[in-house]
Amino acid sequence: MWHKIDLKTKHSIMKERILVTGGTGYIGSHTVVELQNAGYDVVIIDNLSNSSADVVDNIEKVSGIRPAFEKLDCLDFEGLDAMFSKYSGIKAIIHFAASKAVGESVQKPLKYYRNNLVSLINLLELMPKHGVEGIVFSSSCTVYGQPDVLPVTESAPIKKAESPYGNTKQINEEIIRDTIASGVPINAILLRYFNPIGAHPSALLGELPNGVPQNLVPYITQTAIGIREKLSVFGDDYNTPDGSCIRDFINVVDLAKAHVVAISRILDRKQKEKVEVFNIGTGRGLSVLELIKAFETSTGVKLNYQIVGRRAGDIEKVWADPSLANNELGWKAETPIEDTLLSAWKWQLKLRERGIQ
Ligand code: WQD
């Protein structure tokens, strides 16, 4: 167990051991750093299907602490069981490991249903056996589809998913609820993210999409650095002020901090219900064209883009009402969008410097 010395009281704080699945991924790696900063002892498991092990080195450079790391697939039940025995005393899990490309999920639905559902089922089945008290689940605002009312609150109706990926998030939430309702002695907090963007201020951690980026901000930074010739803006004929889609873009470090607060809430037994849901967004909607302008202003880089047709499956506009997370969790997204976009740009420059992209 890892001890954090509280400099004020000189007491050693026995901090709990947390398992982070998908911990070498984009949001996972930033969350590991924030958990370590809070004094938790972190174990990462990741199958490295969409990330690389050198992220563990970079986490250590940022936090000064090397987390335990096991290359492991959450589909491997026996492997998970052995890992829980090897790293005894894991008190809670943050579950990021999942396939997450919306478009790919339409082409390969069975890959998404098997990976995203069975991985969670394996973890839930093993938690009671190994004394794991709680799970923080990485959910998504896609469960809302196109909300009827904006900003969207946690009580908004869940709509039919637009993709198998979005459907796996809805089904995962139900699996967690049904498991806990059956009497399994665990608690859960479901965090519904909006659009995570940006990178760690150190430029040592960030988003590293495989191949052509599907998401907006990595495509912007790759265009700005010259990897991509131009950005295609998917539609400017939506019913929005400038015609382009609106999203709630949230800084990845702010998002990571929400996970630390959720873990503490579970372990400090402050939850009001055994399953709680929180929207993790800024509460501010920004259009695609506004984001492009903000990128150009904050970086001084002119972006080459063209307006093209709509992308299938895109919803028109969504942004969070984050007041429940603000009031209940005491968490609030604070980083200005300009700083976030600058962090994404610095990360892209660092990748170029390291010869990675
Ligand atoms: C944002 C906006 C595009 C690329 C998805 C998932 C969500 C989460 C984040 C996993 C849209 C426009 C994009 C481009 C563009 N995924 N766009 N040109 O679709 O809101 O959310 O990714 O955790 O669950 O649903 O994010 O970044 O793909 O798109 O114009 O080259 O940018 O049309 O309006 P999205 P995105």
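Atoms within each ligand, like the ligands themselves, are counted from 1 in listed order.
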My understanding is that we take every heavy atom of each candidate and find the minimum distance to [atom]. Doing that for [options], which one comes out nearest?
{"atom": "atom 31 (O) of ligand 1", "options": "I292, L231, D248", "value": "L231"}
{"atom": "atom 23 (O) of ligand 1", "options": "Y219, Y165, F234, Y193", "value": "Y165"}
{"atom": "atom 22 (O) of ligand 1", "options": "T223, L216, T142, N215", "value": "N215"}
{"atom": "atom 21 (O) of ligand 1", "options": "V143, D236, I27, N195", "value": "N195"}

To check your reading of the model: name the closest protein heavy atom to [atom], its residue, and the distance in Å.
{"atom": "atom 18 (N) of ligand 1", "result": "S232 O, 2.8 Å"}
{"atom": "atom 20 (O) of ligand 1", "result": "R247 NE, 2.7 Å"}
{"atom": "atom 19 (O) of ligand 1", "result": "R311 NH2, 3.0 Å"}
{"atom": "atom 33 (O) of ligand 1", "result": "D314 OD2, 2.6 Å"}
{"atom": "atom 6 (C) of ligand 1", "result": "V102 CG2, 3.6 Å"}
{"atom": "atom 34 (O) of ligand 1", "result": "C245 CB, 3.1 Å"}
{"atom": "atom 24 (O) of ligand 1", "result": "S140 OG, 3.0 Å"}
{"atom": "atom 2 (C) of ligand 1", "result": "V288 CG2, 3.9 Å"}

Does [atom1] belonging to [X] count more than 12 external heavy atoms closer than 6.0 Å?
{"X": "R114", "atom1": "CZ", "value": "no"}
{"X": "K159", "atom1": "NZ", "value": "yes"}
{"X": "K317", "atom1": "NZ", "value": "yes"}

For the side chain of Q146 and the backbone of E316, is there at least one donor-acceptor N/O pair under 3.5 Å apart?
yes
>> Please check this pair: side chain of Y26 against backbone of I197, looking for a donor-acceptor N/O pair closer than 3.5 Å.
In response: yes
| Hey, are E353 and K350 close enough for a salt bridge, meaning a charged N less than 4.0 Å from a carboxylate O? | yes
Residues K293, E296: salt bridge by 4.0 Å N-O rule: yes
In ligand 1, the atoms that come under 4.0 Å of a heavy atom of V233 are 30 (O)
A student checking ligand 1 against Q214 at a 4.0 Å heavy-atom cut-off should list atoms 4 (C), 28 (O)
Let me check something: any side-chain donor-acceptor pairs from residues 229-238 under 3.5 Å, sequence neighbours excluded? List them with distances.
| unit_1 | atom_1 | unit_2 | atom_2 | d |
| --- | --- | --- | --- | --- |
| D237 | OD1 | R310 | NE | 2.9 |

Note to self: Is it true that D254 and T335 share a donor-acceptor pair across their side chains at a distance under 3.5 Å?
What the structure shows: yes
_Looking only at the aromatic ring of each residue, does the gap between the centers of Y193 and H259 stay below 6.0 angstrom?_
yes
Is any heavy atom of the protein nearer than 4.0 Å to atom 8 (C) of ligand 1?
no
